[in-house]
Amino acid sequence: MNPVNHVAIIMDGNGRWGIRHKKSRNAGHKAGLKSVEDIIKISIDYNIKFLTLFAFSTENWKRPKKEINYLFKLLESYLITKISEFHKQNIKLKIIGKKKFSKKLNLLLNSAEKKTSKNSKIQINLALNYGSKFELVNAVKKIVKNNYKINEKNIEKYLYTKNLPDPDILIRTGNTKRLSNFLLWQLAYTEIFFEKKLWPDFNREDYSKIINRFKKIKRNYGNV
Ligand code: IPE
Ligand code: IPE
Ligand code: MG
């Protein structure tokens, strides 16, 4: 049985869920928070040590202002109400992506990371303004600037995921089969599960099924 240390999720389908149920994309983003809560709880139950959640990509800035503002307000209020609870539950929060938001949100993110930095039950990597190509270009720039050798080890040293194991499982909800610039380097040998359900409908049973299917896969890494 394969151990599950790290699960990464592209939480897609909020907008369609919102339109379908409440005629508003933003309502879908709000509903998606419930799935986030559930998936964190279940991950803890399964003793998963790293959970990486794709919440906002470097390309998502193309969306209408109204939607972007709503998303960040939602994140702000979620963090304000939840961070103490996270801390009590021994959850460590880390932001991956370029922290370039409002002053208020930047402060909030930094203080949430600081407050929970010593926690050890599970590490949640929240991918915000995250783009894999940006991450890789940045890593190479730093290596060149320092005159280091360009090799795998050095590239990994400059990724946001430095010191983390690569994801064992990638889940993308929302019935779309693409990576959308998420963890292109880190997913080299990850088992990928595309899920038809929209993110707000994704539940414990769906998640457990994927984990159980994953556990039985023969992972070759090029070997036989
Ligand atoms: C994913 O859901 C969440 C974010 C990108 C913030 P979408 O908002 O992309 O939902 P769909 O794909 O349009 O339904
Ligand atoms: C990927 O979803 C980003 C997040 C889930 C945060 P998108 O909805 O932005 O992806 P595309 O644009 O359909 O590929
Ligand atoms: Mg989408």
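One-based numbering, in listed order, for ligands and for the atoms of each. Since the model is a prediction, treat every value here as computed from it, not as a measurement.
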>> Please check if the number of heavy atoms outside Lys99 that lie under 6.0 Å from its NZ is greater than 12.
In response: yes

> Got a salt bridge between Asp45 and Lys41, using NZ or NE/NH1/NH2 to carboxylate O under 4.0 Å?
Replying inline: no

> Can you name the N, O or S atom of Asp12 that is closest to the Mg ion (ligand 3)?
Replying inline: OD1

> By salt bridge (charged side-chain N to carboxylate O under 4.0 Å, His left out), which residues pair with Lys209, not counting sequence neighbours?
Replying inline: Glu205

>> Donor-acceptor check, side chain of Asn181 to backbone of Ser132, threshold 3.5 angstrom: yes or no?
In response: yes

> With a cut-off of 6.0 Å (strictly less than), are more than 12 heavy atoms of other residues, nucleotides or ligands near NZ of Lys197?
Replying inline: yes

>> Strictly under 4.0 angstrom, heavy-atom based: which residues surround ligand 2?
In response: Ile10, Met11, Asp12, Phe54, Ala55, Phe56, Asn60, Arg63, Arg172, Arg178, Ser180

> Checking Asp168 side chain against Glu191 main chain: does a donor-acceptor pair fall under 3.5 Å?
Replying inline: no

> Are the ring centres of Trp61 and Tyr130 closer than 6.0 Å?
Replying inline: no

>> Is it the case that ligand 1 has an N or O less than 3.5 angstrom from some N or O of Arg25?
In response: yes

